[in-house]
Structures are given as C-alpha cells and as structure tokens.
Amino acid sequence: MEAEMEREIMFHDDLSLIIKQSYDDANLQVQQIHELVEMGIDLLIVSPYQIDPVQPVIDAVFKKSIPVLVDRRETISRTFCFCF
C-alpha cells in the first residue's frame, strides 16, 4: 500500500505524505501517532499492529477533528472515518 500512496502523491504538488514504521511495536505506533498530530497532520491513515493499545489514540485524534482511516483491522470504536 505504501508504494501506491507514494505514487499517487506525486500527482499532487500541494500534498505531502509522511510514512512511519512501528515494526510491530504498538507502543511505538502510539508515540508516532502523537508525533504526527503535533506536526499538524490533516489526515491519519493507520494500520494498527494491535488495536487495543492504539484505539485510545485513534479516538483522541478523531476528537481533534482530524479524519482517521483505519487499514484492514478490527476496531471497537466508531470514532474513525473509514475502515478499509
């Protein structure tokens, strides 16, 4: 999926894409999401390694009016925009 997003972003000079790898570490993923929010992101696309530790930060991001797309994972919350 990364390659497809990187390819598509090349057609949009006004957009940038930041990709973070958590290497199957849910705590690192939570930390990275906080960092991205601090950077002022407009959209979060996340593929949680484990949903339970990541769900609270996903909910917090959504409550900040930042759209959240959750990639192919089960979630117990309805505070995300789309799950694909």
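Residues meeting the side chain to side chain contact (heavy atoms under 4.5 Å, CB included) test with Met39, sequence neighbours left out: Ile18, Leu36.
Across every non-hydrogen atom of Pro48 and Val70, the tightest pair is CD-CG1, 3.9 Å. For Phe62 against Val68, the heavy-atom pair with the smallest separation is N-CG2, 4.0 Å. Shown here for Glu35 and Lys20, the closest heavy-atom pair between the two residues is OE1-NZ, 3.5 Å.
A continuous path of hydrophobic side-chain contacts links Ile9 to Met5 [ILVMFWY only; heavy atoms under 4.5 Å]. Under the 4.5 Å side-chain contact rule for hydrophobic residues, Leu15 and Leu17 share a cluster. Note on Ile33 and Tyr23: separate hydrophobic clusters, where clusters join Ile, Leu, Val, Met, Phe, Trp and Tyr whose side-chain heavy atoms are under 4.5 Å apart, directly or indirectly.
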- Task: Go through the steps for Asp59 and Gln55 under the test side chain to side chain donor-acceptor pair (under 3.5 Å), then give the verdict.
- Result: CA-CA 6 Å; Asp59 291 344; Gln55 188 68 60; 2.9 Å; yes
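Remark: Ser47 OG to Leu69 CG distance equals 11.5 Å, nearest 0.5 Å. Separating the CD1 atom in Ile58 from the CG atom in Leu44 is a distance of 7.0 Å, to the nearest 0.5 Å. For the atom pair CD1 of Ile66 and CG of Asp42, the computed distance is 8.0 Å after rounding to the nearest 0.5 Å. Considering CD of Gln29 and NE2 of His34, their distance stands at 11.5 Å, rounded to 0.5 Å. Remark: Glu8 CD to Met10 CE distance equals 8.5 Å, nearest 0.5 Å. Asn27 CG to Gln50 CD: the interatomic distance, rounded to the nearest 0.5 Å, is 8.5 Å.
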